[in-house]
Amino acid sequence: MMYALVDCNNFFVSCERAFQPQLEGKAVVVLSNNDGCVVARSNESKALGIEMCTPYFKIRSLADSGRLVVRSSNYALYGDLSVRIMSILRSVSPKLEVYSIDEAFMIMEGMDVAQVKAISSDLVKRIRQWIGVPVSIGVASTKTLSKIASHFAKKYPGYRGVCVMDNDEKRMKALSLTEIGDVWGIGWRTAPKLGAMGVRSASDFVQRPQEWVKKHLGIMGVRTWMELQGKDCIEDQEPEKRKSICTSRSFANSISDKNELASRVSDFAALCAHKLRSENSAAHTVWVFIQTNRFRKDTVQYDPMSSISLDVPASSTQEIVGTSLKILEAIYEPGYEYKRAGVILTDIVDGSSIQPSLFDFDYGKRSKEDKVSEVMDKVNVPGRNLLGLATQRPGNYSDGIRCSYKSGSFSTDWKDLIEVH
DNA sequence: TCTGGGGTCCTAGGACCC
DNA sequence: TCTGGGGTCCTAGGACCC
């Protein structure tokens with residue numbers, strides 16, 4: 001079996017550049033929701049020493065002095081370009097596992113290495129030409145190794161975007177050049193722990209005995225260990241439905257007022273219900289959390305979280321919002337400055353196979369609410385909520401979220417495109 | 001002053017049962 | 001009053017990913 005991991009280079013920045021070529025060659029970063037911190041960097045901004053997740057206020061002076069270009073995140077644009085890239089990949093490899101917005105594993109069956117190499121090189125050129133986004137492709141016998149191969153493809157221009165790891169000699173060479181913390185599955189907590197025990201590179205790691213790995217890292221560590229030896233053990237995931245759905249945001253300014261908080265929580269709950277219905281699912285349990293600013297050392301922290309389990313799984317906006325507000329009522333304490341809140345739906349089941357409970361006297365009311373939600377789904381296009389419940393805020397749910405440096409939704413909104421030209 | 005959001009999986013520990 | 005061990009289920013928290 002051969003995996004080809006296709007990974008978009010600096011994806012959000014590349015999407016911005018695709019429609020704003022004047023950003024090419026410049027140091028560019030994209031900020032998270034609320035313009036909080038850095039979530040994507042161009043090579044030039046990496047060279048400036050800007051780390052992932054740097055809070056914006058720490059690099060503001062660079063931006064002010066014109067050495068750094070800043071963009072707020074524009075998910076309509078990134079999502080649209082992602083869909084286009086994935087459809088190109090699917091046209092050459094029907095067995096495609098979309099792993100994230102900017103990454104996918106192509107499962108190459110019935111092809112030899114030369115064919116895979118040729119297809120990959122062609123893809124790199126085509127995606128750059130058609131979409132305007134540079135990608136790197138790593139080919140190897142397991143997913144973890146293909147990730148490592150893609151890092152090499154990205155790092156060294158000599159590969160021209162494609163690195164194929166097709167024998168043991170190349171594998172061992174690559175492992176000895178890869179820091180343990182750069183291995184897929186070894187995170188920032190485990191890497192220093194391993195370092196302290198003398199494991200610095202991926203090749204140090206694979207040379208440890210399996211029992212040692214099991215003892216220190218558990219079964220997940222063993223899985224990574226096997227994958228690095230070329231033993232394929234991370235299965236292909238079915239594009240199954242999500243097991244939890246979450247909508248949460250930090251606020252531009254903190255909120256103390258209960259009604260204000262309730263309207264924000266209503267928005268989050270409504271968005272969760274919408275996501276839930278788009279997968280034809282229903283949820284048994286609703287969670288709500290509210291949080292004070294965890295970075296402030298000078299104020300008292302309060303971050304309660306609570307849930308309600310419903311007798312019958314729900315998917316209507318009314319019921320999800322109503323339940324969320326009940327939870328909020330239970331956990332809200334006056335006198336705190338809340339900076340963030342969220343709604344999480346769990347215990348998700350298939351919406352078409354809900355068993356009404358024997359004592360579900362609300363059945364008639366429930367199906368009526370479901371019909372209302374259906375109508376709301378049809379009228380509400382993303383980002384423009386025209387129909388909502390009385391507790392929701394009027395207008396766009398992203399109100400109160402900072403996004404000062406947002407570019408146009410060029411590929412999905414023709415008015416934005418005209419403005420550039 | 002200003003620090004993201006949305007997921008998955010595993011594990012340890014408590015409650016409860018026999 | 002003394003006292004064990006095993007199984008299951010649930011939950012909170014941790015670790016990882018992008």
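Because the structure is a prediction, the values reported are computed rather than measured. Basis for what follows: all heavy atoms, side chains included, without hydrogens, waters or symmetry-related copies.
Using a 4.0 Å cut-off, no side-chain N or O of Thr190(A) falls inside it from OP1 or OP2 of dA15(C). Taking 4.0 angstrom as the limit, Arg296(A) places none of its side-chain polar atoms (N or O) nearer than this to OP1 or OP2 of dT3(B). Between Arg60(A) and dT3(B), a side-chain N or O to OP1/OP2 separation shorter than 4.0 Å is absent. At dC18(C), one or more side-chain N or O atoms of Lys147(A) fall inside 4.0 Å of OP1 or OP2 (strictly under the cut-off). Distances shorter than 4.0 Å separate some side-chain N or O of Ser250(A) from OP1 or OP2 on dG5(B). Remark: Ser244(A) is not in phosphate contact with dG6(B), judged by side-chain N or O atoms under 4.0 Å from OP1 or OP2. For the OP1/OP2 pair of dG6(B) and a distance below 4.0 Å, the side-chain nitrogens and oxygens of Arg249(A) include at least one atom meeting the criterion. Phosphate proximity of dC2(B) to Lys339(A): absent, as no side-chain N or O sits under 4.0 Å from OP1 or OP2.
With DNA chain B read from its 5' end, the first of the two nearest nucleotides for Lys214(A) and Gly36(A) is the one closest to Gly36(A). Heavy-atom nearest nucleotides on DNA chain B were determined for Lys243(A) and for Gly218(A), and the one closer to the 5' end corresponds to Lys243(A).
Closest to the side chain of Lys275(A), out of dT3(B), dC9(B), dG6(B), is dG6(B). Here dA12(C) is the nucleotide among dA12(C), dC9(B), dG4(B) with the atom lying nearest to any side-chain atom of Trp287(A). Side chain of Ile219(A), nearest nucleotide from dA15(C), dG5(B), dC10(B): dC10(B). Of the candidate nucleotides dC2(B), dG4(B), dA15(C), dA15(C) has the atom nearest to the side chain of Arg189(A). Comparing dC18(C), dG4(B), dG6(B) by their closest approach to the side chain of Tyr99(A) singles out dC18(C). Candidate nucleotides dT3(B), dC18(C), dG4(B) were compared by shortest atom distance to the side chain of Asn293(A), and dT3(B) ranks first.
The distance between atom CG of Leu271(A) and atom P of dG7(B), rounded to the nearest whole Å, is 10 Å. Going from atom CZ of Arg242(A) over to atom P of dT8(B) covers 8 Å, rounded to whole Å. The separation between Phe295(A) atom CZ and dC2(B) atom C1' is 11 Å, rounded to whole Å. Going from atom OH of Tyr78(A) over to atom C1' of dG6(B) covers 17 Å, rounded to whole Å. As rounded to whole Å, 12 Å separates atom C1' of dC18(C) from atom NZ of Lys154(A). Put simply, CG on Leu217(A) is 18 Å from P on dG14(C), counting in whole angstrom units. Distance CG (Leu276(A)) to P (dG7(B)): 11 Å, rounded to an integer number of Å. Atoms CE (Met52(A)) and C1' (dT3(B)) sit 14 Å apart, rounded to a whole Å.
Here the separation of dG4(C) from dC16(B), taken at their C1' atoms, is 16 Å to the nearest Å.
The closest side-chain donor-acceptor pair between Ser407(A) and Glu16(A) falls under 3.5 angstrom. For the residue pair Arg17(A)/Gln22(A), the side-chain donor-acceptor check at 3.5 Å is not satisfied.
Counting any heavy atom pair closer than 4.0 Å across all strands shown, Ile186(A) reaches sugar-phosphate atoms only and no base atom. Contacts of Ile245(A) with the nucleic acid, taken as non-hydrogen atoms under 4.0 Å apart, involve only primed sugar atoms and P, OP1 or OP2. Ser73(A) comes within 4.0 angstrom of no nucleic acid atom, judged by non-hydrogen atoms across all strands. Base engagement by Cys37(A) is indicated by at least one non-hydrogen atom pair under 4.0 Å involving a base atom. The residue Tyr56(A) sits apart from the nucleic acid: no heavy atom pair falls under 4.0 Å. Residue Val183(A) is classed as a sugar-phosphate contact, given heavy-atom separations below 4.0 Å to backbone atoms only. Nucleic acid contact class of Lys58(A) (heavy atoms, under 4.0 Å, all strands): none.
Taking 4.5 Å as the limit, every side-chain heavy atom of Ile344(A) sits out of range of all side-chain heavy atoms of Ile245(A). Put simply, the side chain of Val38(A) does not reach to within 4.5 Å of the side chain of Val30(A), judged on heavy atoms. With contacts defined as side-chain heavy-atom distances shorter than 4.5 Å, the pair Met106(A)/Lys95(A) does not qualify.
Other residues, nucleotides and ligands contribute over 12 non-hydrogen atoms within 6.0 Å of the CD atom of Gln301(A).
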Please report the C-alpha distance between Ser316(A) and Arg277(A) in whole Å, then the side-chain angles of each, then the deciding distance to 0.1 Å, and finally whether the side chain to side chain donor-acceptor pair (under 3.5 Å) criterion is met.
CA-CA 8 Å; Ser316(A) 79; Arg277(A) 290 193 295 272; 6.0 Å; no

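Across all strands shown, dG13(B) forms a Watson-Crick or G-U wobble pair, both distances under 3.5 Å, with dC10(C).
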